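All values reported here derive from a predicted model rather than from experimental measurement.
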Amino acid sequence: MAQVDVEMPKMGESITEGTVIAWHKQPGDEVEQDEILLEIGTDKVDTEVPSPKGGVLTETLVEEGDTVEVGTIIATLDTDTAAAEVDADDEPPAEAPSDDEAAADEAKEAAPDADAEDEAEATPPETDSEEAASPAPSGDEVEVVMPKMGESITEGTVVAWYKDIGEAVAIDETILEIGTDKVDTEVPSPAEGVLTEKLVEEGETVEVGTVVALLASEAEAGSVEPPASDEPDATQETAPEADEAELPSTPPSGDGAVPDADEPQRAPEETITRRGDDGRFYSPLVRSIAKEEGLRMSELESLEGSGRGGRVTKEDVLAYLDEREEAPAAPASAPERPPRPGRSDEAPPARGDYTVDEGPSDEELRQQYGDRIEVQPMDRMRKMTAEHMVRSKATSAHVTSFAEADVTGLVQLREANKEAFREREGVKLTYTPFFVKAAVEALREHPLLNASVEGDKIVIKHDFHVGIAVAIGNKGLLAPVIRNAGDYNVSGLARKAANVAERARNKELQPDELQGGTFTVTNIGSLGSLMGTPIINQPQVGILATGAIQKRPVVVENDGLGDAISVRHMMYLSLSYDHRIIDGAMGSSFLQRVVTELESFSADADLF
């Protein structure tokens, strides 16, 4: 017997254990490779675990409800049986037996001899599953999986599908767009072929590694028929039409209403299905919370979802539960429920949380402002930007200080080296790497600007992870992070800055590249602004804005011969900082250190 161990999978750097929610297979059941064995969950996400090999499930070592560490062996498989079935499937199909042969076979079955009995014992039973009977798509089947988007990101949301079932796709052509709370990313096709199946719908959030689509690598466009309708999955164990008809819908009134005693009641896991009567999908995490809290399917269906296409999200369910908890207290005899996944009984700290609601309808806006208006809905990136900016202003006490720098030497240095630099490095030499370099040198002398505030504690970071603000057209801003910026010279910083800026505009950034920053530099001068008052990128405590470089007449000292008026390249700098831990004196000192560093550059400097 060839034994294969099934382990509790790793679900991200911060996740060390998982709970077995349900076993989909039992010992003795045959399983195919990648067929779902069980469902596991954490306080953040639920996910299904596929079989690593085809075979027979011989033993389950962890029971439903048990929580074990990542890497623990939770089941074993016997793969010899799968190999025998593959060999049998490779044989050519036998011709249909004649009437005489059929009669002989019936007689043989009625009175089997000893050899036949021995052969029956030695040969594993053939499977008659629907999957084995269904025709496979032409060509090799290729899986498209939810990609890994950084060590700390364990799930992603399907924002939009770019291809429909039956459409041909080229290798590296975009199939769908996925998103996190930080960034949206386009997913390219891993192979050339035809999209045969979408396993995840728009608005659905799934774990990294989940198969989201299937391709037939040798099929022709149009050979795959799109699904006729969006019917509930055939794997559902309940019949919503029959069961839910007995359970009247209960709108979220906040009174904690429960079914009357005369109503037929069932266990929550029997009533919570993947889809409701209206076809709306409920994610595994939403279903898990609903089961734990004792919600019925009718309650879920009555909720107004805030997700894409009206999907009910985790936040929608938790908000409904909070509303119910505000109702009169339940009888003393009511059983105490365990804490909800991902929530704490303690009140969350005041962080100024803010979300963008849908607002008034288009018709209401026209009634208010007249017909000569254009109503433009916010896209996903603009909503995220709005939420982050308002949250930052509500969290930190913002103060902005200004300074002026004479960067004539810096301009001459760049002009003298930009052509040779582009030929040698393959990227433009912009002013951004010089600004980042100056900011890092100032941070070395002012470590409090490279910190974060956690409650009543100040966390000072000894690594300089500098974010650089990148404008994405009119859609918003992203701030990809140059990690360990203090370890690079200007050339290294130029290559890093050019790389992350290009990938930010092409939607190729990973979410981890937008996290972990300790300070941010935004070059507003590249857009023509003289100065600005930037908003801090939480949980950082400072952000430096560099204005446009302009020629201006200024008064300079003329080597002891008195003052003189000279045309110089001048720019304004502005620093917004968190006044909870940084006072004006420190903010001004930091700015002056940046000015000194920028004014130290000269045309003959050797930085490359």
### Query
Yes or no on side-chain contact (heavy atoms from CB on, under 4.5 Å) for Val500 and Val470, after CA distance, side-chain angles and deciding distance?
CA-CA 9 Å; Val500 297; Val470 178; 5.7 Å; no
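- Here Glu597 does not pair with Lys437 in a salt bridge; the nearest charged N to carboxylate O distance is not below 4.0 Å.
- Side-chain contact between Pro534 and Leu544 is absent, with no heavy atoms from C-beta onward closer than 4.5 Å.
- Between Arg444 and Glu441 there is a salt bridge, since at least one side-chain N of the basic residue sits less than 4.0 Å from a carboxylate O of the acidic one.
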### Task
Assess whether side chain to side chain donor-acceptor pair (under 3.5 Å) is satisfied between Thr157 and Thr205, documenting all intermediate values.
CA-CA 4 Å; Thr157 300; Thr205 300; 2.6 Å; yes
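- The distance from atom CG of Asn523 to atom OG1 of Thr432, rounded to the nearest 0.5 Å, is 4.5 Å.
- Taken from CZ in Arg495 to OH in Tyr488, the straight-line distance is 9.0 Å, to the nearest 0.5 Å.
- Listed for the Ser588 side chain is a donor-acceptor partner under 3.5 Å among the backbone atoms of Gly584.
- By the 4.5 Å heavy-atom criterion applied to side chains, Asp578 and Val453 are counted as neighbours.
- In terms of modelled atom types and a separation under 3.5 Å, the side chain of Thr210 and the main chain of Glu207 share a donor-acceptor contact.
- Under a 3.5 Å cut-off, the side chain of Thr596 and the backbone N or O of Gln592 do form a donor-acceptor pair.
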### Task
Would you check, one step at a time, whether the test side-chain contact (heavy atoms from CB on, under 4.5 Å) holds for Tyr162 with Val187?
CA-CA 10 Å; Tyr162 288 4; Val187 179; over 6 Å; no
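- By the 4.5 Å heavy-atom criterion applied to side chains, Ile460 and Ile458 are counted as neighbours.
- The closest donor-acceptor contact from the side chain of His398 to the backbone of Ile536 lies under 3.5 Å.
- Listed for the Asp406 side chain is a donor-acceptor partner under 3.5 Å among the backbone atoms of Thr408.
- No option in Leu591, Leu449, Ile581 other than Leu449 meets the side chain to side chain contact (heavy atoms under 4.5 Å, CB included) test with Met586.
- Below 30°, between 30° and 60°, or above 60°: for His579 and Tyr577 the angle between ring planes is above 60°, a perpendicular geometry.
- We find the CG-CD1 distance between Asn484 and Ile482 to be 11.0 Å, quoted to the nearest 0.5 Å.
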### Query
Ser574 and Thr400: side chain to side chain donor-acceptor pair (under 3.5 Å), yes or no, with the steps?
CA-CA 7 Å; Ser574 53; Thr400 304; over 6 Å; no
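- Using a 4.0 Å cut-off between charged nitrogen and carboxylate oxygen, Arg483 and Glu513 do not count as a salt-bridge pair.
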### Task
Could you go through the side chain to side chain donor-acceptor pair (under 3.5 Å) check for Glu173 and Ser189 one step at a time?
CA-CA 5 Å; Glu173 185 178 6; Ser189 174; over 6 Å; no
#### Entry: Worked verdict on Gln540 versus Thr520 for side chain to side chain donor-acceptor pair (under 3.5 Å)
CA-CA 8 Å; Gln540 300 167 25; Thr520 297; 2.7 Å; yes
### Task
Any chance you could lay out the ring pair (Phe, Tyr, Trp, His ring centres under 6.0 Å) test for Tyr572 and Phe402, step after step, and finish with the verdict?
CA-CA 7 Å; Tyr572 293 110; Phe402 300 88; 8.2 Å; no
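- Between Asp164 and Lys198, at least one side-chain nitrogen of the basic residue sits less than 4.0 Å from a carboxylate oxygen of the acidic one, meeting the salt-bridge criterion.
- Salt bridge status for Asp463 with Lys461: absent, with no side-chain N to carboxylate O gap under 4.0 Å.
- The aromatic rings of Phe519 and Phe590 sit tilted relative to each other, their planes meeting at an angle between 30° and 60°.
- Judged purely by distance below 3.5 Å, without hydrogens or angles, the side chains of Ser396 and Gln538 pair a donor atom with an acceptor atom.
- Leu214 pairs in a side chain to side chain contact (heavy atoms under 4.5 Å, CB included) with only one of the listed residues (Val142, Thr196, Val144), which is Thr196.
- In this structure, Glu454 and Ser452 approach most closely via the heavy-atom pair OE2-OG, 3.6 Å.
- Val194 places none of its side-chain heavy atoms less than 4.5 Å from the side chain of Glu167.
- For the pair Arg414 and Tyr431, the distance from NZ or CZ to the six-membered ring centre is under 6.0 Å and the angle to the ring normal is within 45 degrees.
- Rounding to the nearest 0.5 angstrom, the gap separating the CE atom in Met571 from the OG1 atom in Thr546 is 4.5 Å.
- Considering only heavy atoms from C-beta on, Leu321 comes within 4.5 Å of Ile289 through its side chain.
- Separating the CD atom in Glu419 from the CG atom in Leu429 is a distance of 10.0 Å, to the nearest 0.5 Å.
- A distance of 7.5 Å separates OG of Ser589 from CD of Glu445, quoted to the nearest 0.5 Å.
- The closest side-chain heavy-atom distance from Lys418 to Lys428 is not below 4.5 Å.
- For residues 546-556, the salt bridge (Lys or Arg N to Asp or Glu O under 4.0 Å) pairs, not counting sequence neighbours, are Glu404-Arg552.
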